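Quick caveat: nothing in here was measured; it's all calculated off a predicted structure. Just so it is clear: chains get the letters A, B, ... in the order the sequence lines come, proteins before strands, and each one is counted from 1.
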Amino acid sequence: MHRWSKLFIPTLREAPSDAEVASHKFLLRAGYVRQLGAGIYSYLFLGQRSIQKITAIVREEMDRIGQEFLLPALLPADLWQQSGRWTTMGQNMFRLQDRKGADLCLGMTHEEVMTDIARKELRSYKQLPQIWYQIQTKFRDEPRPKAGLLRVRQFLMKDSYSFDIDQDGLDRSYNLHDAAYCAIFTRCGLEFVAVEADSGAMGGSQSQEFMVYTEAGEDLIASNVETGYAANIEKATSRLAPIDDLQPTGDGQPELVHTPGVAAIADVAAFFGILPAQDIKCVAYMAEVRDAAGKSAWKPVAAFLRGDHSVNETKLLGTVQGVELRTMNGDELAQWLQGPAGYLGPVGLAAAKTITDAGLLVVVDSALEGRRNLVCGANKLDYHFRNVCPGRDFDWTALADIRNANEGEDAPNAPEGVAAPLRIGKAVEIGHIFKLGYRYAEALGARVLDQNGKEKMPIMGCYGIGIERILTAAIEQSATRGTDPNGPWLPRSIAPFEVVVTITNVRDEALLAAGEHLANQLEAAGFDVLLDDRDERAGVKFKDADLVGIPLRINVGKKVADGFVEVVDRATGTTQDVALDAVAAHVSAL
RNA sequence: CGGGGCGUAGCGCAGCCUGGUAGCGCAUCUGCUUUGGGAGCAGAGGGCCGGGGGUUCGAAUCCCUCCGCCCCGACCA
């Protein structure tokens, strides 16, 4: 039995000024954590209890599909040099040297170590599949730690790794994780969505992120509940409503129009009396590309989109197979597009044949495909073209989806004619499952014998869950709902205690006895109970109980004389009188 | 790494511009009263004003420098 009077729960009346996001303020004010440095936190009693609730759930679900290991956090450089990541990890890796001068790093992820075990121990396909997981502290020298526990330099991660003999096996391991993750996040009380993620340049074949919508999040995602569509904005598409094309003027061929001072999309639309969607917008970039040898070069890229659309730079980067983008400066615009910003257009440009060729890469967004009689810049100050038809009047290096999907557009998988508006919002990533492929098995030389006695590389998957992010997301979620003026509370499954029994006046022997008895009863019934036996005024105890986010409170007060206590349910904001001997049953039913 | 802000008691802040050796609220401790939503009165303790250097008779205050933290951006297997 935990008695508040004996515990260290340093609640704060006011949040330290460093804290901005709701979860950060909560964690500090409720006495869950204290900060030691940028992105470095100590977990106090309540925080640690919550973390343990979370890891217990994670463990329980993971044990159904895999085996728990505990790998070192201190890792020799050698392994990372073998995988090639000693150099590619760059600044995000904490590095150190031992007394002999040997290089080491602090683990930020454990593909290398797991694969090292696999290569040394796994010999036969008969040993596969394997799913190995751990719950370990990870270290990442984040350029900018922020938002309390949301982005930190030291954090807990459940990471697992699967080894299979073939793609089918990997698919199964991946699906097992998918299901386990859904079970974990559901049990943790989170409203989450699994989104298609950009698997990056590493060539992973499939990847899903588990996200929780919250303003504190750092990613943008698009989803629609009805169709089940969900994707990171870097990957999201949408079905566009049809746009009426303009009727051609004159002979129907591109016609040069004098448009003095008309540069912005809105001005062009107004000048021609058209919709922005009937205009072509140009955004010009320089893209850094690297060849196989790792040599880098900057190539010019002109991106063309519907006037009312915006470029998704991740998509564009993927299309041109580049590593970095920056917008063109004036000189570069003059050199490659012969026109000033505001008057850029695709007509008459010498587009490279393929993205690997030299010269200007012209990338046209798929939404322009098949459109007719559009307006665009003429690459000449104060002039535009009308009657421009993609394909007839200009060519391109690549036609691809490079635009951002917008809020309210229909999900791409919605049946024709069915409205399925996308919800687009910020979200925090709480988990990620990823089909890795052969990258690490290859680099580190892991091999097993298959049914035919031939050496084969095991195919891998890796899967992560941010433990603290579950806590953070749950708090943000509760704060966002904003239904309780007394602040956020935690889902019962991950709250440090399920119930707090508040004795309104401990100097009243009868109340004290009743509270103690009730707390013991509830504990015997299997609940996690905190007994507030402090000699404080009732108001203080109510405020504290709410502040620390315990989802249920039982007030032991005057009504005890009649055999009743009050049960306050934070989730519904309701207070009910319940007979003393019926409390356990009542709480179970909630 | 670029831009901005901040650092004064445990927390929130004022004082700095215009130099004279530190103050308010909350919290803490003692006593009395109070006891269902952060009580009242009386009293008390607590600060190397982030560090170092400089200017000055004198620096929280002005100047230089370093450190730390927060926010925006860049970055983020």
Side-chain angles (χ1 to χ4, degrees), chain A residues 10-21 24-25 28-29 31 34-41 80 83-86 88-93 105 107-112 114 138-148 150-153 155 157 159 161 197-204 207 209 216-219 232 234 313-314 323-326 428-429 432-437 439-440 460-464 466 484-487 502-508 511 532 534-548 553 555-560 565-566 568 575:
Chain A
T11 57
L12 262 25
R13 248 184 211 223
E14 290 171 286
S17 56
D18 281 352
E20 292 230 330
V21 302
H24 191 194
K25 285 182 185 151
L28 254 16
R29 288 195 60 201
R34 287 296 182 258
Q35 181 170 19
L36 188 60
I40 308 175
Y41 287 84
W80 292 76
S83 73
R85 290 210 289 182
W86 182 256
T88 57
M89 272 306 183
Q91 297 276 95
N92 259 21
M93 186 144 80
C105 66
M108 48 195 297
T109 174
H110 282 76
E111 282 83 1
E112 279 81 356
M114 283 289 190
K138 305 285 184 190
F139 300 88
R140 296 186 188 179
D141 194 0
E142 290 289 343
R144 183 146 100 84
K146 58 187 275 202
L150 215 51
R151 180 162 291 277
V152 288
R153 297 196 290 174
F155 58 99
M157 185 177 198
D159 50 326
Y161 304 87
D198 181 48
S199 29
M202 288 218 332
S207 159
E209 291 166 343
E218 301 178 281
D219 289 277
N232 192 297
E234 294 170 354
E313 297 191 352
T314 304
V323 291
E324 190 156 351
L325 281 181
R326 62 169 176 80
V428 57
E429 178 185 351
H432 196 164
I433 57 179
F434 192 76
K435 289 184 183 172
L436 264 184
R439 189 197 146 99
Y440 295 93
M460 291 175 61
C462 70
Y463 318 88
D484 190 332
N486 296 310
T502 302
I503 301 171
T504 56
N505 183 358
V506 293
R507 297 188 185 183
D508 183 327
L511 294 189
D532 192 351
R534 292 175 300 166
D535 184 9
E536 287 286 352
R537 300 166 63 85
V540 172
K541 301 213 263 189
F542 294 153
K543 288 282 187 200
D544 264 346
D546 288 346
L547 178 57
V548 302
R553 186 176 79 232
N555 299 337
V556 177
K558 292 173 183 135
K559 294 170 188 167
V560 162
V565 291
E566 292 164 350
V568 182
T575 301

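Looking at A/Lys541, its side chain never comes within 3.5 Å of a backbone N or O of A/Thr504 through a donor-acceptor pair. Side-chain atoms of A/Arg34 do not come within 3.5 Å of backbone N or O of A/Tyr41 as any donor-acceptor pair. A donor-acceptor pair is defined here as one N or O able to donate and one able to accept, closer than 3.5 Å; such a pair exists between the side chain of A/Arg140 and the backbone of A/Met108. Judged by distance alone, with hydrogens and angles left aside, the side-chain atoms of A/Arg153 form a donor-acceptor pair with the main-chain N or O of A/Ala38 at under 3.5 Å. At least one donor-acceptor pair under 3.5 Å links the side chain of A/Gln35 to the backbone N or O of A/Gly37.
Among the heavy atoms of the strands lying under 4.0 Å from A/Pro143 is at least one base atom, whether or not backbone atoms are also near. Residue A/Met157 is in base contact, counting any heavy-atom pair closer than 4.0 Å across all strands shown. Here A/Glu112 lies out of heavy-atom contact (under 4.0 Å) with every strand. Residue contacts for A/Arg29: at a heavy-atom cut-off of 4.0 Å it reaches a base atom on one of the strands shown. At a threshold of 4.0 angstrom between heavy atoms, the contacts of A/Arg553 include nucleobase atoms, whether or not backbone atoms are also involved. Residue contacts shown for A/Asp546 include a base, since a base heavy atom lies under 4.0 Å away.
Taking atom C1' in both B/C32 and B/G36, the straight-line distance is 23 Å, to the nearest Å. Between the P atoms of B/G12 and B/A59, the separation comes to 29 Å (whole Å). Only the P atoms considered, B/C69 is 29 Å distant from B/U28, to the nearest whole Å. B/C24 and B/U30: their C1' atoms are spaced 23 Å apart (whole Å). Rounded to a whole angstrom, the distance from the P atom of B/G50 to that of B/G7 is 8 Å. Nucleotides B/C41 and B/G25 are separated by 11 Å at their P atoms, to the nearest Å. Rounded to the nearest Å, the gap between the C1' atom of B/U61 and that of B/A14 is 14 Å. Only the P atoms considered, B/C6 is 14 Å distant from B/C16, to the nearest whole Å.
Whole-Å rounding puts the A/Asp484 CG to B/G37 P distance at 16 Å. When rounded to the nearest whole Å, the span between CD1 of A/Ile40 and P of B/G68 equals 11 Å. The distance between atom CD of A/Glu142 and atom P of B/C76, rounded to the nearest whole Å, is 10 Å. Rounded to whole angstrom, the span from the NZ atom of A/Lys25 across to the P atom of B/C11 amounts to 17 Å. Nucleotide B/U34 holds its P atom 18 Å from the NZ atom of A/Lys541, rounded to whole Å. Rounded to a whole Å, the CG atom of A/Asn505 is 14 Å from the P atom of B/A39. Rounded to a whole Å, the CZ atom of A/Arg151 is 10 Å from the P atom of B/C76.
In the interface, the side chain of A/Arg140 is not paired with the base of B/C76 through any donor and acceptor atom under 3.5 Å apart.
Across A/Asp484, A/Asp546, A/Asp532, a single residue satisfies salt bridge (charged side-chain N to carboxylate O under 4.0 Å, His left out) together with A/Arg553, and that is A/Asp546.
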Show the distances under 3.5 angstrom between N or O atoms of the protein and N or O atoms of nucleotides 70-72 of chain B.
| from | atom 1 | to | atom 2 | distance (Å) |
| --- | --- | --- | --- | --- |
| B/C70 | OP1 | A/Gln35 | NE2 | 3.0 |
| B/C71 | OP1 | A/Ala147 | N | 3.3 |
| B/C72 | OP2 | A/Arg144 | NH1 | 3.1 |
| B/C72 | OP2 | A/Arg144 | NH2 | 2.6 |

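The residue among A/Lys559 and A/Ala15 whose nearest nucleotide of RNA chain B lies closer to the 5′ end is A/Ala15.
In this structure, the nucleotide among B/U35, B/G25, B/G36 sitting nearest to the side chain of A/Glu14 is B/G25. The A/Pro16 side chain lies nearest to B/C11 when the options are B/G36, B/G38, B/C11. Closest contact between the side chain of A/Arg507 and the listed nucleotides B/C11, B/U34, B/G37 involves B/U34. Side-chain proximity of A/Arg85 to the nucleotides B/G38, B/G36, B/A77 is greatest for B/A77. Nearest nucleotide to the side chain of A/Arg537, out of B/A39, B/G37, B/A77: B/A39. For A/Phe542, whose side chain is taken as the heavy atoms from C-beta onward, the closest listed nucleotide among B/C76, B/G12, B/G36 is B/G36.
The shortest distance between the side-chain N/O atoms of A/Lys558 and the OP1/OP2 oxygens of B/G36 is below 4.0 Å.
The heavy-atom pair separating A/Asp159 from A/His110 by the smallest distance is OD2-CB, 3.6 Å.
Contact check on A/Glu111 versus A/Arg439 returns no salt bridge, with no Lys/Arg side-chain nitrogen under 4.0 Å from an Asp/Glu carboxylate oxygen.
The 12-atom threshold is not exceeded at CD of A/Gln91, counting heavy atoms of other residues, nucleotides or ligands nearer than 6.0 Å.
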